[in-house]
Amino acid sequence: MHGHRHRWPGFADLTRCCVDPTRRAVPDPPRATPGLRPEPGGLTEMTAPAEDKTPYRFGPTTLVAELHEGYAQLEDGEETGVEVTVAGRLMLRRDQGKLAFGVLADQTGRIQLFAPQASTPDFDGFTSLHIGDWLGVTGEVIKTRRGELSVRVGSWVRLAEARLPFPDKWHGISDPDTRFRQRYVDLWVTDEARRVFTQRSRAVSLMRRWLEEQDFIEVETPVFHPIPGGAAANPFTTHHNALDLDLYLRIAPELYLKRLIVGGFERVFEIARVFRNEGLSTRHNPEFTMLELYQAYADYGDIMVLVEELVAHLAQELLGTTSVVYDGRELDLSAPWRRATMFDLLEEHSGLRVDMDTPRSELVGYCEERGIPVEGHHGVGKLILELYEKTTEAELWGPVFVTDYPKEVSPLARDHRTSPGLVERFEGIVAGREICNAFSELVDPDEQRARFGAQEADRAAGDDEAMVVDEDYLRALEYGLPPTGGLGIGVDRLVMLLGGVSAIRDVILFPTLRPEQG
RNA sequence: GCGCCUCUAGCUCAAUUGGCAGAGCAUCGGACUCUUAAUCCGCAGGUUCCGGGUUCGAGUCCCGGGGGGCGUACCA
């Protein structure tokens with residue numbers, strides 16, 4: 001994840017934009033009583049255990065980023081007369097006899113503490129603070145003679161002790177495993193980690209706001225599914241004792257969201273944690289986040305426009321540009337994206353011209369030539385998809401919408417209005433990776449029942465990821481699903497793309513790991 | 001699942017053909033009033049991932065196990 005560090009704004013630059021402007025305290029006049037002590041009249045002193053001297057609350061007036069914004073123009077050695085209160089962790093300390101320097105980090109950045117013995121209360125205590133201790137400091141904003149913006153310590157209080165030593169101040173943590181297990185430390189010592197997760201939070205927030213502006217409403221559907229559906233994947237199982245009921249953790253929210261379209265919520269979305277019982281890799285975590293949305297009266301063409309606009313919007317807001325560099329290669333996310341059929345793209349990249357009338361035996365031959373395993377229940381559609389995925393998908397730098405998938409591999413998508421055997425489905429491919437999957441939704445209950453039936457047959461033939469019939473979903477369709485466009489976006493992978501990182505574990509705060517010590 | 005690599009002090013890393021397990025940072029003690037990974041002096045810090053084996057002697061070689069990484073497979 002360190003490959004493109006130079007491209008990204010620094011710690012303070014990046015986080016600056018998350019600062020709530022209503023919290024500004026600089027360069028406003030100082031607060032009447034900057035609170036180094038608990039508010040008077042509280043129960044603090046009565047209830048505090050004798051051995052715990054740390055306060056119960058603290059009132060910083062200023063974020064570090066605001067100091068850097070507000071006082072960038074100070075001359076070396078200039079004093080402002082402005083008193084501020086900041087809080088954070090002590091990340092470095094440099095003692096120099098009767099003068100000590102510290103570096104305090106809060107959520108928004110780092111600021112130097114300037115502590116002369118003559119004016120610092122309990123100077124010995126200050127110089128015996130540990131790296132990692134939480135600290136509250138009130139003092140004047142100054143710039144040192146050597147030009148470092150600082151808070152001259154007028155008073156200070158330790159807010160929490162770091163009993164465990166922090167990692168090497170220069171090298172940080174290098175063992176990825178330790179970084180994931182002790183993310184609470186990683187976030188302090190790896191600027192890149194904090195940058196990425198801050199960015200993730202903003203991306204999700206922007207996504208939500210943008211969808212709401214398009215009149216989508218956010219909903220929450222069950223995580224416990226009596227029948228796992230909406231995707232082809234192995235579910236996790238669990239059990240409810242009182243009902244004596246086996247349940248599955250959802251592999252997709254799709255079928256519930258479409259029930260809501262039936263219910264008359266015409267534009268819905270869910271930012272859904274989903275769970276798939278599969279292997280782990282650089283691009284797979286067993287629990288991950290999908291944005292799914294459904295829009296009544298829309299088809300997959302409308303959804304393509306929505307995706308390219310949404311992604312371009314996120315890039316523009318997050319990075320200030322739709323032109324990003326990923327894996328060292330240029331990537332232009334601005335709309336419109338190229339649209340091409342799976343068949344055309346397959347031909348471009350493999351030279352194979354096939355269609356739904358190509359004999360199965362011929363396709364089996366192409367697969368075998370390329371070492372792609374073929375199973376007995378694979379039909380023409382599945383074989384074409386395999387050929388495309390193995391020869392073409394990773395080569396697509398994109399962004400490109402790959403359209404018109406075989407019906408056989410798309411049991412929830414609506415028949416193509418002009419091409420028999422195909423459905424109106426597309427995937428968005430960016431940097432060789434699928435970031436979304438969408439279709440004109442299948443609305444016909446009889447056709448849906450037939451598709452489920454084909455899935456059952458696949459299951460019987462040994463495909464344990466094939467879908468299971470969901471009678472209630474069919475009943476919902478019988479009440480009438482209007483024309484609907486649906487979309488699923490892998491939020492984690494999108495954040496990877498926008499953040500320029502290549503491992504999904506770098507965008508998931510606490511990725512799934514084997515428990516420590518085994 | 002398979003293949004390759006890796007695991008040494010709290011952190012980052014050394015240790016010659018198999019020959020007394022070391023340094024920097026952090027911690028602890030001391031010096032220092034403008035440092036920027038401050039600097040300088042000193043103390044302490046170890047089940048070398050675990051268990052076997054070979055050897056006079058194993059961090060090092062062999063076998064087994066465990067953790068992790070990468071690749072591959074799986075993955076709509």
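Keep in mind that this is a model prediction, so the values were computed, not measured. Below, chains carry the letters A, B, ... as their sequence lines are ordered, and counting in each starts from 1.
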Looking at [N], I'd like to know if its phosphate oxygens (OP1 or OP2) sit under 4.0 Å from a side-chain N or O belonging to [X].
X	N	value
A:Arg425	B:A76	no
A:Lys169	B:A37	no
A:Arg181	B:G68	yes

For the side chain of [X] and the backbone of [Y], is there at least one donor-acceptor N/O pair under 3.5 Å apart?
X	Y	value
A:Asp177	A:Phe180	no
A:Asn285	A:Thr512	yes
A:Thr190	A:Glu192	no

Could you tell me whether [X] contacts a base, only the sugar-phosphate backbone, or nothing, with contacts defined as non-hydrogen atoms closer than 4.0 Å?
X	result
A:Tyr405	nothing
A:Leu92	sugar-phosphate
A:Met342	nothing
A:Gln96	base

Q: Test the A:Arg259-A:Tyr256 pair against the cation-pi criterion, namely NZ or CZ under 6.0 angstrom from the six-membered ring centroid and within 45° of the ring axis.
A: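 Yes.
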Q: For B:U54 and B:C63, measure between their C1' atoms and round to the nearest Å.
A: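 Looking at atom C1' only, B:U54 and B:C63 are 11 Å apart.
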Q.
Please report the distance separating the P of B:C13 from the corresponding atom of B:U8, rounded so that it comes out in whole Å.
A.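 Pairwise P distance, B:C13 against B:U8, rounds to 9 Å.
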Q.
As a test of understanding, state which of A:Arg451, A:Arg425, A:Glu424 forms a side chain to side chain donor-acceptor pair (under 3.5 Å) with A:Ser410.
A.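 Output: one option passes, namely A:Arg425.
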State which of [options] makes the closest approach to the side chain of [X].
X	options	result
A:Pro411	B:A76, B:U36, B:C34	B:A76
A:Thr144	B:U27, B:A76, B:C34	B:C34
A:Leu99	B:G67, B:C74, B:C34	B:C34
A:Ala232	B:G68, B:U36, B:A76	B:A76
A:Arg94	B:U33, B:C34, B:U36	B:U36

Q. Once you round to the nearest 0.5 Å, how far does CG of A:Leu293 lie from CD1 of A:Ile261?
A.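 Rounded to the nearest 0.5 Å, the CG-CD1 separation comes to 9.0 Å.
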Q) Could you write nucleotides 3-15 of chain B as a row of B, S and -, 5' to 3', where a protein heavy atom under 4.0 Å of any base atom gives B, of only sugar-phosphate atoms gives S, and otherwise -? A) -------SBSS--
(Q) If you assign each of A:Asn437 and A:Leu280 to its closest nucleotide in RNA chain B, which residue comes earlier from the 5' end? (A)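 Closer to the 5' end of RNA chain B: A:Leu280.
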(Q) Any carboxylate oxygen within less than 4.0 angstrom of a Lys/Arg side-chain nitrogen, looking at A:Glu140 and A:Arg152? (A)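 The answer is yes: the pair qualifies as a salt bridge.
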